[in-house]
Amino acid sequence: MSAESPGHDEHYLRVFRRNFRTWRGQRPFWAGLFVMLGGLPIAYFPYANLQIGHLTLAMSTTAGAGSLIIGVLLVVLGVSLWFQKHVRTFAGVAAILLALVSIPVSNLGGFLIGFLFAMIGGAMAVAWVPGDEEAGKAVPVDKGEDGAPGTPHSPHGPHTLAAPESPAPGPEDGWDRPNDLSGTSPANGANGRHSAG
């Protein structure tokens with residue numbers, strides 16, 4: 001039984017945690033969370049009434065509906081970052097633009113709390129790239145005579161690495177095509193005429 005497969009006696013919370021960690025690592029999770037957290041204060045503060053003793057403080061603005069729309073859009077963009085990771089660049093740029101628009105529309109972007117969360121989350125979404133599964137795998141390393149790590153393992157010997165084979169120089173480029181761009185090479189059979197279809 002491998003360490004990756006859940007055992008029969010493994011606790012379900014441990015399995016859930018491992019599955020959630022795997023799911024979270026395959027998408028811009030923190031960017032989506034920050035964008036959603038940015039949308040909540042932007043949508044909430046224009047409709048909130050704070051009670052300070054007998055004093056009611058209403059923070060509603062003339063653009064209360066605009067604040068609600070911006071907040072809901074930010075929450076939707078955050079959820080889309082979680083479940084549609086291929087739209088991360090669009091969602092990140094849209095979150096940054098909505099955060100900037102929220103400054104004049106929604107009480108300085110939800111008293112700068114929502115603005116900062118949405119800006120940071122949008123920047124994280126734009127900067128996120130999917131990880132390479134092969135990059136995380138370990139390369140076997142041979143041990144030297146004294147037990148110290150040596151060079152990476154090679155089939156040619158314990159301490160030698162195989163040199164990469166380089167193609168012989170010639171008229172071919174890296175794509176196995178003639179490197180003649182004139183179109184009149186006898187190798188491509190074009191004879192100076194180009195087809196338009």
>> Suppose we screen for ring-ring contact (aromatic ring centres under 6.0 Å, His included). Which residues come up paired with Phe20, at least two apart in sequence or across chains?
In response: Trp23, Phe29

>> Rounded at 0.5 Å granularity, tell me how far CG in Asn19 sits from OH in Tyr12.
In response: 14.5 Å

> Going from CZ on Phe45 to OG on Ser106, what distance comes out if it is rounded to the nearest 0.5 angstrom?
Replying inline: 9.0 Å

>> Just to verify, what does Phe16 make a ring-ring contact (aromatic ring centres under 6.0 Å, His included) with, not counting sequence neighbours?
In response: none

> If every non-hydrogen atom of Ala118 is compared with every non-hydrogen atom of Leu74, which pair is closest and at what distance?
Replying inline: CB-CD1, 4.0 Å

> What is the distance from atom OG1 of Thr22 to atom CZ of Arg27, rounded to the nearest 0.5 Å?
Replying inline: 10.5 Å

> Which pair of non-hydrogen atoms, one from Gly66 and one from Val105, has the smallest distance, and what is that distance?
Replying inline: C-CG1, 4.0 Å

> Are Val129 and Phe90 grouped together when hydrophobic residues (ILVMFWY) are joined by side-chain heavy atoms under 4.5 angstrom apart?
Replying inline: no

>> Which heavy atom of Ala94 sits nearest to which heavy atom of Leu77, and what is that distance?
In response: CB-CD1, 3.7 Å

> Would you say Arg24 has more than 12 foreign heavy atoms packed within less than 6.0 Å of its CZ?
Replying inline: yes

> What residues, two or more places apart in sequence or in another chain, satisfy side chain to side chain contact (heavy atoms under 4.5 Å, CB included) together with Leu73?
Replying inline: Ile69, Leu98

>> I'd like to check the side chain to side chain contact (heavy atoms under 4.5 Å, CB included) partners of Val126; sequence neighbours left out, ordered by chain and number.
In response: Val93

>> Can you list, by chain and residue number, the hydrophobic cluster partners of Leu108 when the side-chain cut-off is 4.5 Å?
In response: Ile96, Leu100, Ile103, Leu112, Phe115, Leu116, Met119

> Listed by chain and number, what are the side chain to side chain contact (heavy atoms under 4.5 Å, CB included) partners of Val87, not counting sequence neighbours?
Replying inline: Ser80, Gln84

>> Taking ring-ring contact (aromatic ring centres under 6.0 Å, His included) as the definition, give me every residue that meets it alongside Phe117, ordered by chain and number, with sequence neighbours left out.
In response: Phe34

> Of all heavy-atom pairs between Ala99 and Ser102, which one has the smallest distance, and what is that distance?
Replying inline: O-OG, 2.6 Å

> Which heavy-atom pair separates Val35 from Gly121 by the least distance, and what is that distance?
Replying inline: CG2-C, 3.5 Å

>> Checking Pro28 now: which residues fulfil side chain to side chain contact (heavy atoms under 4.5 Å, CB included) with it, not counting sequence neighbours?
In response: Ala31, Leu81, Lys85, Arg88, Trp128

>> According to a hydrophobic-cluster definition based on side-chain heavy atoms being under 4.5 Å apart (Ile, Leu, Val, Met, Phe, Trp, Tyr only), do Phe111 and Tyr44 belong together?
In response: yes

> Can you tell me how far CZ of Arg14 sits from CZ of Arg18, rounded to the nearest 0.5 angstrom?
Replying inline: 8.5 Å

